[in-house]
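Everything below concerns the one structure shown next.
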Amino acid sequence: MAEEEAAPLYDPSAAPLKVLVWNIQFCAGTGVHFFYEGGDATSVPSRPAVLHTLAALAELITRELPDLVLLQEVDRGARRSWYVDQLDELRRLLPASYRASASDWYWSLPWVPFPFAEMLGRVEMHLCALSRYAIGAARRVALPPVRSDGVLARLFNVRRAVQLLTLPTADGRCVEVLHTHLSAFTGGDGTVEAQVEVLRELVGEAAPHWLLAGDLNALPPGVSAEGLTGQAASAVPVGEMADPARRKRWFTLKYFGREEPEVTIDYLLHAPHRWQVKDVKVLNAEETWPSDHAPLVATLEMMG
């Protein structure tokens, strides 16, 4: 068997960095009304449906050909998605240039006994990265749990986390990537604020050329046109999103049963004055959505 060729180092002098950020909703597609959205469904209807959605994801990623793919809600052997390892399947479907990958769990349990009508069973949900450049290091940092959860709910609930990735560069610098999916359904109990505080600390410790991306489930406290309390700039033009006439193009989430997306909760933030955003777009003009989220794609040039 031929030895797999190692991924190259990212060379900032040769090309900007193109990043795709996407919550893929465990390849459920958009035709199922799940219990956490007020519906009855617990699982995807069939294994072929999961594979069909995976093929659609791979087709879009291949068409865009980003250097770094950051995916949330990737199931790797969960009952609700027919035990398909979605990261392995994407590796098989994507071009061979995606030689590097990383995966960190944020919901991993042998059995979840709810909802009672059809229990979730085994869950295995990950933050996953696929890269055309070498990943030098990867580690998981836990985020605070939902404060209002009782003992039983905390035992079985999602365990939010940050996936920390380092991309070494050809000129000796590195790009540090903070990849995450913050909590939803917290009822304003202070959980998100506590999680964002961890992000602030990690950003403060990161190398100069850092990126922070994922499904943030809202604008974090303090985000404005100037950034996360002065620590971050947004690739998505936050000022434009405040304009009712222009913000629609940045909507990333389409609720079940709706024909149009309605809110923006997926972001790519970056170190101020260290990156120049050359291009940014939300691919929300597709006739059919493989996920309830649309992918955000940004091309950034390293500065300084």
Side-chain angles (χ1 to χ4, degrees), residues 21 23-26 28 34-39 42 70-76 78 80 103-117 119-128 139-164 177-206 210-224 227-232 234 238 252-253 255-256 262-269 292-293:
V21 184
N23 180 331
I24 66 170
Q25 198 194 19
F26 53 92
F34 287 100
F35 70 93
Y36 50 81
E37 297 174 318
T42 298
L70 301 173
L71 304 175
Q72 305 90 55
E73 290 194 21
V74 182
D75 271 2
R76 305 200 63 189
R80 66 181 178 181
S103 183
D104 287 283
W105 68 273
Y106 64 113
W107 199 14
S108 179
L109 289 166
W111 193 264
V112 175
F114 64 83
F116 296 120
M119 296 181 186
L120 274 164
R122 179 184 175 188
V123 294
E124 193 64 43
M125 187 169 72
H126 286 230
L127 298 161
C128 291
R139 67 185 178 98
R140 178 186 186 276
V141 176
L143 287 174
V146 177
R147 290 182 171 182
S148 54
D149 274 355
V151 174
L152 189 62
R154 188 167 293 193
L155 180 63
F156 292 106
N157 208 349
V158 181
R159 310 288 179 86
R160 305 284 174 171
V162 181
Q163 181 183 52
L164 290 179
V177 181
L178 292 78
H179 176 206
T180 193
H181 182 184
L182 300 185
S183 287
F185 313 117
T186 61
D189 65 1
T191 298
V192 173
E193 288 82 355
Q195 292 175 351
V196 170
E197 186 57 37
V198 173
L199 294 180
R200 288 194 180 107
E201 293 173 3
L202 292 174
V203 162
E205 298 167 358
W210 57 262
L211 301 172
L212 167 59
D215 177 354
L216 304 185
N217 269 312
L219 275 173
V223 168
S224 64
L228 180 60
T229 60
Q231 287 180 289
S234 174
V238 178
T252 61
L253 177 63
Y255 295 105
F256 178 82
E262 297 182 25
V263 293
T264 304
I265 61 175
D266 305 271
Y267 292 90
L268 174 60
L269 307 177
D292 58 346
H293 290 248

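As a basis for the values below, the full set of heavy atoms in this structure was taken, side chains included, without hydrogen atoms, waters or symmetry mates.
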Please check if the side chain of [X] supplies one atom and the backbone of [Y] the other of a donor-acceptor pair under 3.5 Å.
{"X": "R160", "Y": "L182", "result": "yes"}
{"X": "Q195", "Y": "P144", "result": "yes"}
{"X": "Y106", "Y": "E73", "result": "yes"}
{"X": "T252", "Y": "I265", "result": "yes"}

Flag if over 12 foreign heavy atoms under 6.0 Å of CZ, R154 | yes
Look at atom OH of Y255 and say whether more than 12 heavy atoms of other residues, nucleotides or ligands are closer to it than 6.0 Å.
->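 No, not enclosed.
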Heavy-atom pair with the smallest gap, counting every atom of [X] and [Y]:
{"X": "A161", "Y": "L127", "value": "O-CD1, 3.6 Å"}
{"X": "W210", "Y": "V203", "value": "CZ2-CG1, 3.3 Å"}
{"X": "F34", "Y": "T42", "value": "CE2-O, 3.7 Å"}
{"X": "R76", "Y": "C128", "value": "CD-SG, 4.3 Å"}

Parallel, tilted or perpendicular: rings of Y36 and F185 (30°, 60°) | tilted
Residues 146-153 side chain polar contacts: donor-acceptor under 3.5 Å, at least two apart:
unit_1: S148; atom_1: OG; unit_2: D189; atom_2: OD2; d: 2.7
unit_1: D149; atom_1: OD2; unit_2: N157; atom_2: ND2; d: 2.7

